[in-house]
Structure formats: C-alpha cells, structure tokens
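Let me begin by presenting the structure, written as structure tokens, before commenting on it.
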2 protein chains.
Amino acid sequence: MAWEDVALKQKTRVSDAIPTEWRLKSLPSTDSVMDVPKESGILTPEELAITESFAADLVKDLAVGKLSSVAVTTAFCKRAALAHQLVNCLHDFLPDFALARAKYLDEYLATHKKPIGPLHGLPISLKDQCRIKGFETTMGYAGWIGKIDSENSVLVDLLDKAGAVFYVKTSVPQSLMVCETVNNVFGRTVNPRNKNWSCGGSSGGEGAIIGFRGGVIGGSIRVPAAFNAVYGIRPSHGRLPYAKLANSMEGQETIHSVCGPLAHSVGDLRLFMASVLEQQPWNFDSKVVPMPWRQAEEESIRVKISSGGLTVGFYSCDGNVTPHPPIQRAVQTVVDKLKGAGHTILSWEPYKHPFAVDLANRVYASDGGTDIYAALNLSGEPAIPNIKDLVNPNLKKLDLNEVWQCQLDKWNYQMEYLSAIRDFEAKTGRILDAIVAPITPTAAIRHNQFKYYGYATAINVLDFTSVVVPVTFADKNVDVGPKNFVPLTDMDAAVHEEYDPEVYHGAPAAVQIIGRRFTEERIMAIAEEVGRLLHS
Amino acid sequence: MAWEDVALKQKTRVSDAIPTEWRLKSLPSTDSVMDVPKESGILTPEELAITESFAADLVKDLAVGKLSSVAVTTAFCKRAALAHQLVNCLHDFLPDFALARAKYLDEYLATHKKPIGPLHGLPISLKDQCRIKGFETTMGYAGWIGKIDSENSVLVDLLDKAGAVFYVKTSVPQSLMVCETVNNVFGRTVNPRNKNWSCGGSSGGEGAIIGFRGGVIGGSIRVPAAFNAVYGIRPSHGRLPYAKLANSMEGQETIHSVCGPLAHSVGDLRLFMASVLEQQPWNFDSKVVPMPWRQAEEESIRVKISSGGLTVGFYSCDGNVTPHPPIQRAVQTVVDKLKGAGHTILSWEPYKHPFAVDLANRVYASDGGTDIYAALNLSGEPAIPNIKDLVNPNLKKLDLNEVWQCQLDKWNYQMEYLSAIRDFEAKTGRILDAIVAPITPTAAIRHNQFKYYGYATAINVLDFTSVVVPVTFADKNVDVGPKNFVPLTDMDAAVHEEYDPEVYHGAPAAVQIIGRRFTEERIMAIAEEVGRLLHS
C-alpha cells in the first residue's frame, strides 16, 4: 500500500473512534474554537465544570469517591473528542480503554475504601512518544503505523501505578525536532485560540488539548505551554523517567531530551512530579537520579518569597534575536510584579547564548539526518518542510571525535555559565534564585513561521530547570513594533519581519523561569508566586 | 630533542626534587619494601606515627593545632620520597610548594583560631590527571611534558578550599586505559608489598603511595585499592567533580570516568567525600548532581546493621572468568562474616556481565585509538604493549549512529539490571542492600599479566557505586588451585594459567561492595561494617 493510503487509513481510524454522539454537527467559522465546548451541548454542565477544574482538586474528590473516575473520564473523553475535531490534536483516541480502567478504579475504591495512588482516577493525556502496551506509537511516521507496543514506557508505568487513566495519545511533529506540530499522517495541529497560530511543538497536541481543557495534565513542555497559555516544566535530565519513550535520534546523549508535565497551575505540575517521584522512578529508569520530592527545598524558597527576599535575574534578549513586543512586555510585566512585591530584580547577561544555540544545532544535525531518513524510508513518505535543515543531503555526519569535542564544549560551556552565576553572586552578595526570560521570541506563532528556537535550546544545552508561566496575550493596542529596528543578525531580521500587531492580537505570551540543574522544587514555587502576583 | 631525552630529563627532574637527606643510601634486596620507612632512620618516630594514622584522626589534631601542618606535611613528604625511590610512584614531587602551603595554614590557624576547612592542613596525594595551577599534568605522555596548567581541576580547587595540602602527583599508565601502571616517561610503578606484583591502575601510583603510607587519602580507585590492601570508593558519575581533570578520550560520555578517594579506612573515605560535598561541587562542575552528604541514608543502613537486618547478594564468578582461589576465599570470608552477624546473604546471579564487558570494550575502542595516537604523536613515543588493543591500526572508528546504538544498549542493559534487582526483591520479599563480588579475578597481579578487567568494567557500565574492601592475603597453604578446572572461556583459561600459589603468596586480595547508583552513604556504611567484622 502506498504510504498515503496507510496514512489516510490511520487518520480515519482515529476519527472513527469518536462516538457519533460526541461529534459536532458543524465546525465553527471563527478563528477561535475555545467556546465550542460550552456551546455545543455535548458536555453537561457538570462535565464542563469537571474539565475546567484543577487536577489537584479532582484527585481530592476522586480519592474519596465524591467524583467517580468514570464521570471524570467521560467528561475529558468528550472534550478531547471535540478538541480533535476542532484542532486535530490526536494520534489515538482510547475512550473504551479509558472507561474500562476508570470503572476498575471506581470498583477498587469501593472495595478498598482508599485510592490506588495519588493520581487515582485522573485522566492524563500522553504525547505520542509514550508507549502503552497494546497500542501504537507512530510519532506521525507512516512507516511506524501498525507496530503494537509490547510494554509501557517507564513514565506510563509509574503514572499507571499512581492511578492515572490514559485516554488519548496526542500529536507531535514528524521527527519531534521542530516547534510546530505537523506530520504526513495526521496533518497539522492548530491552536484552539486561533486556527492560524501554531500550538507549538514537539508536544503540540498536548499544548492544544490542555489549553482547550480536553486534558488536565499532559507530558512535555515549554513551547506548547507558552503557545497555549498554560504552565509547563522542563525538569533537568535525570529527574523524571524518559525510558522507553519513542524518540528521534535515540541514543543521542549530548543534549538530552526530557519530558515534563503541562497543566493549568503549578499545583497541578507539582501533583504530577510528586506522584511520579513517589513511585521511585530511579528503580526503573537507570538515568533517573534517586532524588525524592524535596519539600525542604520548596520551603526554603517560600521563606524568601514571604519576606520579599528573592533575587531574580532577567533578560529580554539573548543576543541573537529580539523578541516581539508582546514577549518583551511579558518579561517586563513579571519583572514589575516581582519588584512590586519587594524582591530584588537584576539584569542578567545571557552568557554566550548564541554559542549554545550553534552547538545545539550542530548536535541536532550531527547524524546528518540518518535516523530520520531511516524512519521516513520505511514508508517512502517525504520529510516535512520544517525539518529541511536536519535532512539536508548535504549534511555531513559528525565524526566520533568531533562529537566528543561537542560534548567537551558543552561541558565547558555549562561550567562557564556556573562561573558567571558565581561571579554575579559574588558581585551582588546575593544568591541568584532564578532567571526570568522569554521562552520563544514570539507569541503563539503563525503556521510555518517558527524559525528561531534559541530561547529554549540554550536552556536545553545547560540542562537547567525551566518553568513556563503564561503571562498575557498580545494586544494590538499596546504591543506596537519598535521604531528604527536594527537587527542583530539575519535571523533577527527574519523574526522581526513576522511581527504584525493585528495578526497576533490575542496570542498567548509567556515567559520561562529558569534555575540551575535539579532545582525543580524551588523554581516551581517561584513560578507559582509569579502566577499569584499576575492574578492579584 | 628526541622523546627519549625529553622523558629522561623529566624523570631526572622529579628524582632530583628529593632532598639529599631524604635519599636512601641503598635499595633493599627484598621483594617487599614495606619495612623500609621504619628501618631507614629517615623518618622520626613521631613522623612514622603520623604517617600511620588515619586521616580522620589527623584532621582532628590539625584543626586544634595539636599537630602542625608543617609537621604532618614533612612526614608525608619524607615517606613519599621513600616510596618514589622504592616503587617509582611519582610524576611530580612538590615538597617546597607543600610546605609553603602548610606554613600558611599553620599561620591561619594561629591567627583565626579555627581551621580553614574540614581538611585543614592534611596532605592529599593527587593522581597525575589532577591539574594544579603552575604545574604539569603529563599523564606519562612525553608529548605533554612542559605544558604548565593555568588552572586547577575543580576537585583540586575544592580540596584546596577544604584546607588540603598537595605534595605529589602520582603515576598513571599511558592512556589511563589499563590496570597496570607503566608509561614511557617514568617506566613502571611496582607494588610496595612485592616488586614483582602490579600496583594496579589507572591510579597505580595512588594505590602504591597510600598502601606504603606515603599518603593518607588519594584520588581514585578500585584496582589500585585492591592491589594495595586499602579501601577505595567508586562513586556514581555525578557525585564528585571530574571537571578539568586530564583524561584520555575526553568527551567520551558513553561510559563515564569517575574519580574517588582511596584510604586506610572507610572513615577516611567519608572524610574526603563529605569535605568535597560541603564545598557544593555542583556549583562548579555542571555534571555534579546537587546532592549533599545524606546522613539519613547512612543512618537508615546503620539501623539495619545493628539489628542484623541487611540483605546482601554475592557472586564469586561473573560468567566470563573464574577468580583465583585467594579471591574466591575473600568473597567467601565476607559472606561468612556477614552471615555470622545475622544478616541475610543470598546468591546474586550477575546479570549478563559478559554482555556489559563486551559493550565496554567496544566503547573504549570506539575512536579507533585516534585520541591516544594524537597524544603519542606529539612526541613520537610508542604505545605501551598493554594498550595494543586500543591502538591497533585495524581498529575501525565507530560511526556516530553505532555509538548512539551503544548508548541505547547501555541504557537498556542498565534497566534490565534494575529489573533483575526488582525481581530478586519481589521473590525474596527483601530490599537488596548491596552485592559482594570480586573486583579483580586475581590478587595483586604480576607485571604484564593483567588481562581481564570485567569485574570492574561491568560495574562501570552500570554506573553503580562500589567500595573496595581489603579482605585478606593470598596464602599458598590455603589457596590451592581447583582440581579438574574447566575454563568458561579462552580468557578464563588464560587467567587460570597465571595462578601459582607460590608466586602470589602474600598478595592482597579484596572484594567490592556494590550498590545502585548514588548509594555512596549506604554502601560506605556497609563496607565499614564488613571491615569491622573482618577485624573482630
């Protein structure tokens, strides 16, 4: 069968998994689809309320049987079905599997009078890298269709032990290596707030479904969080299990892929993190460091927060690309709020970020596209245009000693960064608690316009902890372009060119809050406080 | 200048650094040189006592001025000078530098009435991978002679902050990649207990000098610890800083090199570890995990120890090579002692160790010798025979995707091992606290006979924590060879062939005590208890 036929069959199979009664009679003509759940009549008022709750509240009610898992799962299945019809965010839809699990959990609670774990009965959406035994993980490659997974990814296993219910596998871009979500099998996933904007990537389906409240917590992470106005955390490598997830360029360990949750509150991110850590992931994934949830770390930051004693650095530009006005305003808003609460906010000089971005690009292209080609060649499908830099036939595979040199360069760069932090601390006489910065140079971007990943990749190279905080929305009346713009680089000129106050009006604008390696507890507490200040 | 001349000049420079009054009039004719310090008259009785103390006791006296750092440093400089004359264990000897530092520290204590740090005034020997600003790190390569280091390695920096005194740089094998210590510049380092035996490697100079008590704590690790009847710990990667140490194959991150202390007691290992961790190495070396010394981990094991509640696995053979009788007896001795104290000791099936050993050999040879050739070619010196497998012109460099496959294989192997541990725990209903095993298949080996590294390398692949415990000495009257020996492999036959009860009589025999990643506090406490049981 030609790959196009295989792909179409798969796409149809997933659409067909939506029961008739959850199907929309017609699609809205508006750019935003955010109001459809309320207007469609498919969800009951109670189901609307459930899907608009925080996970932390749902698990409390689920644990005591105040809500049944079947009710909660049904609500999210319905809303996910709407999401898929509206923004095309699913690679698989598993309502029967989910409801059977929910029923089992309800019975368990009735029998044992206690929840099975901290996530008892809670539906959790899984990015289509996560393997569930008995289902497919295609990552959007036509050539991977039909291969049934024989075991769970470690993360899936531990979430399962914690009591989660799995009901969807969400969309990713071909190869995972880009920040927009499009592949040959399922096409493009769009932003529920405006179909002309991207939902981000690689976890674009997660971003879209959580943003749309078709899910409450999902795996991974920053750009999708930013573009969908939700929170997300990139933990440092070795904090959460990545084992047995599907990936591109598997075995590439120079810049590690990580996974982390996205949700509507820091509390929900914490629920996810703490629930997984409680399962001792280090006994399952050898790369996970045996580091339980450290409440004392959180408390030590809370003391600083309550006394206005935080020291936070910030930067609005990384030296390569100037962010669009909505993003600059987002950073400034956070800075002002923190200052207003009495904290010490100081300018942070982003140390050699262009070097880090170049290094990351070199590493991501280091196999000359071999791995991605192998996946494409299984079916004969073409590469999506977005990854043309990675599957360029002129790319030369790096020699092993060149890779080792990259690895040394990375280590040295990381250490120079630590040295810059120590210098900052010595000069100011203060401990640097966090850094506030853009996570993308743009608000949720128009399709096919995502060109510069540097705000995210520099932090990947450093393996720093980073929490995305939704701050505001682009506003054509406020976010007017700068006059006399002088580009720093060609890339800067290209990104600047894309800004149009009219087109981006209403697009989510976020920041990231960055901390050293393994500072998840601290940075989450700071992100939570920033959220509180923004809404107070 | 020909490399031979450059090398000779360097060797002579180091010998000449020994003051005349510390030189031996004649070398002993015995195979063992262990009694020379007592008999030579060069050390005073007080100096003999100092050098035969534990570090933990010395730092107590140094911290209150009961001993001066100048006195302690002088004592160790003298004994190190003897060691070098007898076993050729130094790549550099720095008595003036050390005594100036000691004087400074004595003055500091007199002025401030408190020590500068937890290692105040204590001489610490450094393996010749550790960079000290202003001195050379040659690693025994002729081509690296004369290059003066412009900064300290991170470990050196932190030991310095903790108050240590540096006085020697100890010998290593060319390339570091073998377990005997020989290079073209300084020749061979021999075992102070018998010049016909190896001191081990790569930290052979460390093993010899600590074994001879020319030093009290040194860096790194297991085979030298085993061959010199001292304790040593291999922490997991990311616990202690390795940054800015010289190394072969720098940037190779598939199987990480680690460093750790060796000493005459677990208490001294703990002093080293805790002193370095107190300096927050994670703020200096980006690869170090922010994990302070965890007293609670140690305490939880002590509770089990005091109630006879440990569960310990053991194996005497890894499936590739049968250990010599002294090593089998060492393992059995530890098993019997632990059983005698009421602990639960169960057989552990070493999971696919031959696979791990093959994988390690593949990784260590992955660059086809490129890196080592580059170092050799600087001077034109030849490779030592011991590394002929690594610099074989027929070796093919691995392709990048092959290396990624190795990295995936390693990760999967590590996870299968964790799974085997979980199965063991499920079957026995007990938590596996540690595993006792050989660290080498032989007692301290005769020169040029070290063929099989698998007992150490399998644990490197797993990145498990491992503490070497000296157990006994080969005894020709007890350790008679097995009758009807049937070799498991060709390597097994070759290793078996080497055993001769007469030749190995008196050679140190050790075991390693192994724990999961980042279990340093626990495994050290168990090793300490094993030591106590052995001597009770």
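In terms of heavy-atom proximity, L418(A) sits nearest to W282(B) at CD1-O, 3.4 Å. Contact detail for L400(A) and V403(B): the closest heavy-atom pair is CD1-CG2, 3.6 Å. Contact record, D285(A) with M415(B): CA-SD, 3.8 Å, taken as the closest heavy-atom pair. Taking both residues in full, the closest heavy atoms of R517(B) and P290(A) are given as O-CG, 3.7 Å, listed atom of the first, atom of the second, then distance. V289(B) and F518(A) get closest at one heavy-atom pair: CG2-CE1, 3.9 Å. When every heavy atom of W411(A) is checked against every heavy atom of A243(B), the shortest pair comes out as CZ2-CA, 3.4 Å.
The candidate from N283(B), L398(B), T370(B) with the greatest count of non-hydrogen atom pairs under 4.5 Å with chain A is N283(B). The greatest number of non-hydrogen atom pairs below 4.5 Å with chain A, out of L408(B), N401(B), D463(B), is found for N401(B). With chain B as partner, the option from V288(A), D367(A), I421(A) having the largest number of non-hydrogen pairs under 4.5 angstrom is D367(A). Of the listed residues (K410(B), R516(B), R422(B)), the greatest number of heavy-atom pairs within a distance under 4.5 Å of chain A belongs to R422(B). Between chain B and the options V154(A), D399(A), D371(A), heavy-atom pairs under 4.5 Å are most frequent for D399(A).
Contacts between Q405(A) and chain B at a heavy-atom distance below 4.5 Å are absent for every atom of the residue. Contacts of K287(A) with chain B are made by both backbone and side-chain atoms, with heavy-atom separations under 4.5 Å. With a 4.5 angstrom heavy-atom cutoff, D409(A) does not touch chain B via any of its atoms. Only the side chain of M291(A) has a heavy atom closer than 4.5 Å to any heavy atom of chain B. Of the two parts of Y242(A), the backbone and the side chain both hold a non-hydrogen atom closer than 4.5 Å to a non-hydrogen atom of chain B. For chain B, the nearby parts of S366(A) are the backbone and the side chain; heavy atoms of each come within less than 4.5 Å.
In the displayed structure, K147(B) atom NZ is contacted under 6.0 Å by more than 12 heavy atoms of other residues, nucleotides or ligands. Within 6.0 Å of CD in E349(B) there are 12 or fewer heavy atoms belonging to other residues, nucleotides or ligands.
In this structure, the separation between CD on Q407(B) and CD on E250(A) is 12.0 Å, given to the nearest 0.5 Å.
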